**Student:** 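Sharing a structure, written as structure tokens. Questions coming.
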Amino acid sequence: GAGVSQSPSNKVTEKGKDVELRCDPISGHTALYWYRQSLGQGLEFLIYFQGNSAPDKSGLPSDRFSAERTGGSVSTLTIQRTQQEDSAVYLCASSLKGRAYNEQFFGPGTRLTVL
Amino acid sequence: DAKTTQPTSMDCAEGRAANLPCNHSTISGNEYVYWYRQIHSQGPQYIIHGLKNNETNEMASLIITEDRKSSTLILPHATLRDTAVYYCIVRPILQETSGSRLTFGEGTQLTVNP
């Protein structure tokens, strides 16, 4: 079956530009997570969506980062006025529900490079 | 989340069992032990999880000590494709917010040699 997909797979942008990263979760999964992984670092939680509940934005590093999830399915992570330190792989994951016993399925990630 | 400690790197010969240890001495009774791995340039992949009992699936076995302060992931017949960073993670059973996010540490770089 179809897994989590993300687009684009690679994005190169100039400092100060805005970027949008897309995530298509597995159909029927109500929980969706965004993480990022900087070069040589572990994964860092960014934001979590569960159904129609208010998202948990506690991991967003600055107010330049925002995300939305439309219709409980597709999610878009937006980074405004990108900085070089935003360069990282941005990973999306979904799970059936947001429970600890629900495994998270990860997409292949979007590699963002800010010049 | 409870902190986990893993060796930075390990080597294993192809076809042999790979035993990856993890210490989680501060784990509480309401936390699962999860294992994920990340092959280079790919997203993390779920392997297995457990609470108290040992678990086995088609990928691996998870052995959790009786006091739950440590665990071992066993890949019974390692192949070259098992070369990856392996993450041991503890997650609360119930987490009202953030949906039980995964908190990744440094993990263990497993290299399977021919």
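Just so we're on the same page: letters track the sequence lines, and every chain starts at 1. This one's a predicted model, so the numbers in the text were calculated from it and none came from an experiment.
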**Student:** Could you work out, with ring-ring contact (aromatic ring centres under 6.0 Å, His included) as the rule, every residue matching A/Phe105, not counting sequence neighbours?
**Tutor:** A/His29
**Student:** Are A/Trp34 and A/Phe65 joined in one hydrophobic group, where the rule is that I, L, V, M, F, W and Y side chains link up if heavy atoms are under 4.5 Å apart?
**Tutor:**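 A/Trp34 clusters together with A/Phe65.
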**Student:** Under 4.5 Å heavy-atom distance to chain B, tell me which part of A/Leu91 shows up: side chain, backbone, both or neither.
**Tutor:**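 Looking at A/Leu91, just its side chain touches chain B.
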**Student:** Not counting sequence neighbours, which residues clear side-chain hydrogen bond (donor to acceptor under 3.5 Å, both in side chains) with B/Glu55? List them please.
**Tutor:**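 In terms of side-chain hydrogen bond (donor to acceptor under 3.5 Å, both in side chains), with neighbours along the sequence ignored, B/Glu55 is linked to no residue.
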**Student:** Counting only heavy atoms not in B/Arg68, do more than 12 fall under 6.0 Å of its CZ?
**Tutor:**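 Counting other residues, nucleotides and ligands, CZ of B/Arg68 exceeds 12 neighbours.
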**Student:** Do A/Gln104 and B/Arg91 have side-chain heavy atoms sitting under 4.5 Å apart?
**Tutor:**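 Yes, at least one pair of side-chain atoms sits under 4.5 Å.
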**Student:** Does A/Arg64, at its CZ atom, have more than 12 non-hydrogen atoms belonging to other residues, nucleotides or ligands within less than 6.0 Å?
**Tutor:** yes
**Student:** Can you check whether A/Phe106 reaches B/Tyr36 side chain to side chain, under 4.5 Å on heavy atoms?
**Tutor:** yes
**Student:** A/Gln37 versus chain B, heavy atoms under 4.5 Å apart: side chain, backbone, both or neither?
**Tutor:** side chain
**Student:** Same hydrophobic cluster for A/Ile26 and A/Phe49, using side-chain heavy-atom links shorter than 4.5 Å among ILVMFWY?
**Tutor:** no
**Student:** Strictly less than 4.5 Å between heavy atoms, which residues of residues 106-114 of chain B line up against chain A? Please order them by number.
**Tutor:**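 Contacts with chain A: none.
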**Student:** Within a reach of under 6.0 Å around CG of A/Leu39, are more than 12 heavy atoms found that belong to other residues, nucleotides or ligands?
**Tutor:**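 Incorrect, the count does not exceed 12.
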**Student:** Check whether A/Tyr35 reaches the backbone of B/Leu102 with its side chain - one donor and one acceptor, N or O, closer than 3.5 Å.
**Tutor:**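 Side chain of A/Tyr35 to backbone of B/Leu102: a pair is present.
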**Student:** Can you see which heavy atom on A/Glu103 is nearest to which on B/Tyr46, and at what distance?
**Tutor:**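 Heavy atoms of A/Glu103 and B/Tyr46 come nearest at OE1-CD2, 3.1 Å.
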**Student:** I'd like to know which of A/Val4, A/Leu43, A/Ile47 tops the heavy-atom pair count under 4.5 Å against chain B.
**Tutor:**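 Heavy-atom pair counts peak at A/Leu43.
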**Student:** If you draw a 6.0 Å radius around CD in A/Glu14, do more than 12 non-hydrogen atoms from other residues or ligands fall strictly inside?
**Tutor:**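 Atom CD in A/Glu14 is not packed in, count stays at 12 or less.
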**Student:** Show me the pairs that pass salt bridge (charged side-chain N to carboxylate O under 4.0 Å, His left out) and involve residues 23-44 of chain A, at least two apart or across chains.
**Tutor:**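 Applying salt bridge (charged side-chain N to carboxylate O under 4.0 Å, His left out) to every pair that reaches into residues 23-44 of chain A, excluding sequence neighbours, yields A/Arg22-A/Asp24, A/Arg36-A/Glu44.
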